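Take a look at the structure set out below.
Just so it is clear, the model here is predicted, and its values are computed rather than measured. Below, chains carry the letters A, B, ... as their sequence lines are ordered, and counting in each starts from 1.
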Amino acid sequence: EAGVAQSPRYKIIEKRQSVAFWCNPISGHATLYWYQQILGQGPKLLIQFQNNGVVDDSQLPKDRFSAERLKGVDSTLKIQPAKLEDSAVYLCASSSLSGGGSDIQYFGAGTRLSVL
Amino acid sequence: AQSVTQPDIHITVSEGASLELRCNYSYGATPYLFWYVQSPGQGLQLLLKYFSGDTLVQGIKGFEAEFKRSQSSFNLRKPSVHWSDAAEYFCAVGPPWGSNYKLTFGKGTLLTVNP
């Protein structure tokens, strides 16, 4: 079974530029998560989708971050314009169920973003 | 609000020595508890989980964890560490129910293994 795929693996941009990350979850997984992991911190949830609907985006900085999952499968996360403090690893995860308590999240390898 | 504390930022052990990584949580009821491991440049891999029942849970790679309700702890243990165990370890908690389900992670413990 293929895991969660993310691309690119690394990205270096200058502040005020835009950037996009792509995630393809495990086949059949209904729930998809985007996390931000700043160096020295644990992952922080940015947004959670169930199929193509948003379940939780309370910690997404909506003035600059956006995400979509149009067909309920793969997803993109965009930052526009980027700030220095956006430098982090962006992790995508997916789970098979409804996102409830017993759900196991499977993580991709992440995209490491450096904003200069 | 739920929270997780991993008191040790960095731990160094010798290969073959025993290991215990600490995790304390704050939650109004018994949460679901997880330990994940992250190797350099990799995503998070689930080591083990606790939902209910036996408070000692076994995971992959020879790891185990014990849930202690009275101490609000879920410490990770391994009797004999291998060099390949060097990685960062994250404890996470999540509510056992709710439509707005969210995992909260600790800040992680970096494990260094000396030969």
Query raised in the report: Is it true that A/Phe107 and A/Tyr33 have ring centroids separated by less than 6.0 Å?
Result: no
Query raised in the report: With A/Lys71, which residues qualify under salt bridge (charged side-chain N to carboxylate O under 4.0 Å, His left out), at least two apart?
Result: none
Report task. Sort A/Gln6 into side chain, backbone, both or neither according to what part of it lies under 4.5 angstrom from a heavy atom of chain B. Result -> neither
Query - Pair A/Trp22-A/Ser75, side-chain donor/acceptor within less than 3.5 Å - result: no
Query raised in the report: For chain A, which residues from residues 36-43 of chain B have at least one heavy atom closer than 4.5 Å to it?
Result: B/Tyr36, B/Gln38, B/Gly41, B/Gln42, B/Gly43
Report task. Supply the atom-to-atom distance B/Leu48 CG to B/Trp35 CH2, rounded to the nearest 0.5 angstrom. Result -> 9.0 Å
**Report entry** Salt bridge A/Asp86-A/Lys15, side-chain N to carboxylate O under 4.0 Å
**Finding:** no
Query raised in the report: Is chain B contacted by the side chain of A/Arg9, its backbone, both, or neither, given a heavy-atom distance below 4.5 Å?
Result: side chain
Query raised in the report: With a 4.5 angstrom heavy-atom cut-off, which part of B/Leu46 approaches chain A: side chain, backbone, both or neither?
Result: side chain
Query raised in the report: A/Tyr35 versus chain B, heavy atoms under 4.5 Å apart: side chain, backbone, both or neither?
Result: side chain
Using distance only, find each side-chain donor-acceptor pair of residues 108-115 of chain B under 3.5 Å and give its atom names and separation, not counting sequence neighbours.
unit_1, atom_1, unit_2, atom_2, d
B/Thr109, OG1, B/Gln6, NE2, 3.4
B/Thr109, OG1, B/Asp8, O, 2.6
B/Thr112, OG1, B/His10, NE2, 2.7

Query - Residue-level contacts of residues 68-80 of chain B with chain A, using a heavy-atom cutoff under 4.5 Å - result: none
Query raised in the report: Side chains of A/Gln17 and A/Lys11: is there a donor and an acceptor less than 3.5 Å apart?
Result: no
Report summary line: d(A/Glu14 CD, A/Leu84 CG) to nearest 0.5 Å is 10.5 Å
Query - Pair B/Tyr89 + B/Phe63: ring centers closer than 6.0 Å - result: yes
Report task. Give a yes or no on whether a salt bridge exists between B/Asp85 and B/Lys61, defined as a side-chain N under 4.0 angstrom from a carboxylate O. Result -> no
Query raised in the report: Does a side chain donor of either B/Thr104 or B/Gln2 reach within less than 3.5 Å of an acceptor in the other side chain?
Result: yes
